[in-house]
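Read through the structure below, which is laid out as structure tokens, and then see the notes.
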Amino acid sequence: MPSLTVALFMSISNSLKIFDIIFTLTFGGPGKSTTSVTMDIYNEAFVNNRFGYATAKSLVFVVIILLITFIQVKFFKSKEVEA
């Protein structure tokens with residue numbers, strides 16, 4: 001169970017912070033079909049020059065990630081067996 005906890009945590013965290021692959025391959029297009037949350041934050045800050053709004057979005061994103069992480073750790077901690 002500990003290895004499953006680590007694997008799931010890494011998978012969720014990497015899927016949430018995907019930016020480089022989308023940026024280098026498609027720039028979030030065609031249209032906005034491959035835009036992720038991180039790509040939207042980048043566009044808001046550096047394309048639209050709305051740094052405050054992008055900062056607010058990123059702080060909300062961090063809080064959401066912290067909540068997901070806390071719930072996941074709490075759930076898997078209860079499923080682990082003491083050796």
Residues 66-75, side-chain donor-acceptor partners within the protein, below 3.5 Å, at least two apart:
residue : atom : partner : partner atom : Å
T69     : OG1  : I65     : O            : 2.8
Q72     : NE2  : T5      : O            : 3.4

Atom pair OG (S33) and CD1 (I22), whose distance is rounded to the nearest 0.5 Å: 9.5 Å
State which residues pass side-chain hydrogen bond (donor to acceptor under 3.5 Å, both in side chains) with T26; sequence neighbours excluded, sorted by chain then number. T34
Value for CZ (F23) from OG1 (T35), rounded to nearest 0.5 Å, stands at 12.0 Å
Can you hop from L8 to M10 via hydrophobic side chains spaced under 4.5 Å? no
Could you see if F61 belongs to whatever hydrophobic cluster contains L59? Use Ile, Leu, Val, Met, Phe, Trp, Tyr and a side-chain cutoff under 4.5 Å. no
Look at atom CZ of F9 and say whether more than 12 heavy atoms of other residues, nucleotides or ligands are closer to it than 6.0 Å. no
Starting from F76, can I reach V6 by hopping between I/L/V/M/F/W/Y residues whose side chains sit under 4.5 Å apart? no
Tell me, yes or no, whether the heavy-atom count around Y53 atom OH, taken from other residues, nucleotides or ligands under 6.0 Å, exceeds 12. no
Let me check something: do V60 and I41 share a hydrophobic cluster, defined by ILVMFWY side-chain heavy atoms less than 4.5 Å apart, either directly or through other members? yes
When hydrophobic residues are tied together by side-chain contacts of less than 4.5 Å, even through go-betweens, does I18 share a cluster with I64? no
Of all the heavy-atom pairs spanning T38 and S36, show the shortest one and how long it is. OG1-OG, 3.0 Å
